[in-house]
Student: 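Shown below is the structure under consideration.
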2 protein chains.
Amino acid sequence: MVSIKDIAKKAGVSISTVSYALNGSPKVTEETSSKILAVAKELNYVPNAAARTLKKRETKIIGAFLTDFDGAFYGQLLQGMKEVLNKKGYDLIVCSGSQSHRLLPERTIDGAIVLDASFSSEELLQYADRGHKLVVLDRELDHPNVNQVLLDNKAGATLAMEYLIEEGYRKIYVVTGPQGSFDSNQRLQAAKQTIERNQPLESDERDQSIEYIEIQGNFDKTGGEEAAQQIIKEYTEPVAVFCLNDEMAIGLYNVVKDSSYRIGEHIHVIGFDNMELSQFVQPRLATIDYSKRKWGALASEQLLKLITDEPVEHERIYVTLIKAGSVHPMQSM
Amino acid sequence: MVSIKDIAKKAGVSISTVSYALNGSPKVTEETSSKILAVAKELNYVPNAAARTLKKRETKIIGAFLTDFDGAFYGQLLQGMKEVLNKKGYDLIVCSGSQSHRLLPERTIDGAIVLDASFSSEELLQYADRGHKLVVLDRELDHPNVNQVLLDNKAGATLAMEYLIEEGYRKIYVVTGPQGSFDSNQRLQAAKQTIERNQPLESDERDQSIEYIEIQGNFDKTGGEEAAQQIIKEYTEPVAVFCLNDEMAIGLYNVVKDSSYRIGEHIHVIGFDNMELSQFVQPRLATIDYSKRKWGALASEQLLKLITDEPVEHERIYVTLIKAGSVHPMQSM
DNA sequence: TTGTAGGCGTTATCAG
DNA sequence: CTGATAACGCCTACAA
């Protein structure tokens, strides 16, 4: 391996001069500098990251941690992160699985963006205590070294539920995410509140009260499939279903497709995330949309601010409702 | 930051003893060892990757380089890589974009798996010459430090074309990938050969000769959309289309959907890759399937062999035909 | 303007 | 079995 020592020898200067020249320091003559650069090129010199890191205590690498690589979901998010980071001279690496957590405490990366259930909040706080900078996208975490960029889950869930209610549905299922999920909990809570807010006053007997049924899901297709089975079994009249993410809605579609019921006719469905697939299923899935690219970009910006000790405040990503054929107005009664 | 020096001081031993203990060397007493371990825990010691790497000249990290993060396509591939690597004590990081290429020559990673058009083959050969170990999934590259694990593109393209021909189509479009793409070229070449092999002898006038039309695509949805426009404009009778990947087939669907023609009735389509989306479009897309997980796993295995200087041979991933509603038998003439 | 030297945190060789 | 000590490749005062 060719090091600055080799360059120094070949160029007939000292290694410090080489280092200065390579780093564009004005302390070295134009002449010697260009000679050194030439020799470096000739020897195919590439600096050793480990040595530089050891000295400078930074790697210019940011890690994005995801629960799994499978999410057809993450492309734009990562793209948004990368664009911002690259512009600032940082590289993005994507990791998954608890084995890779070590990259943070071992200082292979300068900071992390976390959307990853394989991290416990305690673990993250430990890292933050050790001085590592973090941005979390999937939980609330209060620590000076941690910033959060969260979806506006409550607004989204409220929009979704109000849509179903406005369209006339009075029996509404909600299929949740896994137990500990922050996103699931927030969405669920807002959904419940929306139901309560829309419940008719006792005195007013003209309006039918809203029946609310919760089904435990998991944010995977399987969760939607199981929910579909239950819904079909219990079916008596047109119902609405709020799947707390699109993935489960797709699973639900798969099962309903093989039944005698139809999406958007008997079973009306809305999801959350607006993943790519959702626009291709038939009928198109109603859902809650937000800019994944912007989410990633903002997360990166916040992390860089944290790293450079600029002041930061928590950020929120806004969401919008996408109406579609999976939810048709209820027939007049 | 707490280093082995701090541990040594607190435990009242020398730093070399600490190092031995931490690395489980048998050269140190059970007693001192456990004391040292205790102190390390107490101080929350985590080894510094840069220092270790500088000394040992390895990071135990493998990089997977992808053309972009967007591919709804890569999940299983990466999963396959990760499982194998983790089992052997390596971590996987995923990178994209030419800026991240530096991780290889700077020795932040011990090797790379490349499915990334942003690398030129010359660049890869340079790295190989410098001693870096590579596995390529998207090109042929002959170098002792490079192994290739390629799809059996020719078999796949042949299966696809024979399927269309057997179903009776005599006018067949092929929508290619971008100019330089190795996969596209291989598939295209095999498609042409299949046509030729199936062209009736001149003497035999009962069989109609096969008309073959090539459309330049790009492996993106846009390529399929443009192809669809051309095909619709030229439409006179039922035709078959071989999109050299599923992504373009989906783009083609989008345009045909808004026309008066129907997929699987007027325009018959087959893709390549069997991406997740392909099973959800209506009608389901016929395509060429292969195990992405196995592809990734094999690539990792080969790379590890390269790193440990075991002998390796190039590998091939086998493919199968998936028939589906996007290709219906041609009406009898 | 250039060179000398010390140190970043580990590992590993060699004595004791 | 344990302890000095010299690297690994680079950066950066400080000295010349």
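Each chain gets a letter, A, B and so on, in the order the sequences are listed, and its residues count up from 1. Values below: all heavy atoms of this structure, side chains included; hydrogens, waters and symmetry mates excluded.
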Student: Could you tell me how far apart Tyr20(B) (OH) and dA4(D) (C1') are, to the nearest whole angstrom?
Tutor: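 About 11 Å, once rounded to whole Å.
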
Student: Mind calculating the distance between CG (Leu54(A)) and C1' (dT10(C)) to the nearest angstrom?
Tutor: 8 Å

Student: Name the orientation class of the two ring planes belonging to Phe119(A) and His101(A) (parallel below 30°, tilted from 30 to 60°, perpendicular beyond 60°).
Tutor: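 Rings of Phe119(A) and His101(A): parallel, as their planes differ by under 30°.
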
Student: Output the rounded distance in Å from CD1 (Ile7(A)) to P (dT2(C)).
Tutor: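 Computing the Ile7(A):CD1 to dT2(C):P distance gives 16 Å.
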
Student: Any luck finding a side-chain donor-acceptor pair between Asp129(B) and His143(B) under 3.5 Å?
Tutor: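 A pair is found: one side chain offers a donor N or O, the other an acceptor, under 3.5 Å apart.
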
Student: Using a cut-off of less than 4.0 Å, is there contact between a side-chain N or O of Ser16(B) and OP1 or OP2 of dA4(D)?
Tutor: no

Student: Phosphate oxygens OP1/OP2 of dG9(C): is one of them under 4.0 Å from a side-chain N or O of Arg57(A)?
Tutor: yes

Student: Base, sugar-phosphate, or nothing: which does Thr53(A) touch, judged by heavy atoms less than 4.0 Å apart?
Tutor: nothing

Student: Check whether any side-chain nitrogen or oxygen of Thr17(A) sits under 4.0 Å from OP1 or OP2 of dT2(C), and answer yes or no.
Tutor: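 So the side chain of Thr17(A) is outside the cut-off, no N or O lying under 4.0 Å from OP1 or OP2 of dT2(C).
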
Student: Find which nucleotide of DNA chain C each of Pro26(A) and Ile15(A) is nearest to by heavy atoms, and output the residue with the more 5' nucleotide.
Tutor: Pro26(A)

Student: With sugar-phosphate meaning primed atoms plus P, OP1 and OP2, does Lys55(A) contact a base, only sugar-phosphate, or nothing at under 4.0 Å between heavy atoms?
Tutor: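 Base contact - Lys55(A) has a heavy atom under 4.0 Å of at least one base atom.
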
Student: Ser3(A) side chain N/O closer than 4.0 Å to the phosphate oxygens (OP1, OP2) of dG9(D)?
Tutor: no

Student: Whole angstroms only, please: what is the CD1-P distance between Ile4(B) and dG3(D)?
Tutor: 13 Å

Student: Distance check needed: dC11(D) C1' versus Lys60(A) NZ, whole Å only.
Tutor: 16 Å

Student: Considering only side-chain heavy atoms of Lys56(B), which listed nucleotide, dA4(D), dG9(D), dA12(C), is closest?
Tutor: dA12(C)

Student: Please work out if Val18(B) contacts a base, only the sugar-phosphate, or nothing of the nucleic acid, heavy-atom cut-off 4.0 Å.
Tutor: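 Answer is nothing: Val18(B) stays at 4.0 Å or more from every strand.
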
Student: Check this for me: does the side-chain of Thr29(A) come within 3.5 Å of the base of dT1(C) through a donor and an acceptor?
Tutor: no

Student: Do Thr308(B) and Glu310(B) meet the criterion of a side-chain donor-acceptor pair at a distance under 3.5 Å?
Tutor: yes

Student: Just to confirm, is there a sub-4.0 Å distance from OP1 or OP2 of dT11(C) to any side-chain nitrogen or oxygen of Asn23(B)?
Tutor: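 Yes.
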
Student: For Ser19(A) and dC11(D), is the shortest distance between a side-chain N/O and OP1 or OP2 below 4.0 Å?
Tutor: yes

Student: Is Lys10(A) close to Glu42(A) at the side-chain level, that is, under 4.5 Å between some pair of heavy atoms?
Tutor: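 SC-SC contact between Glu42(A) and Lys10(A) confirmed.
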
Student: Please determine, by modelled atom types, if Asp273(B) and Asn245(B) share a side-chain donor-acceptor pair under 3.5 angstrom.
Tutor: no

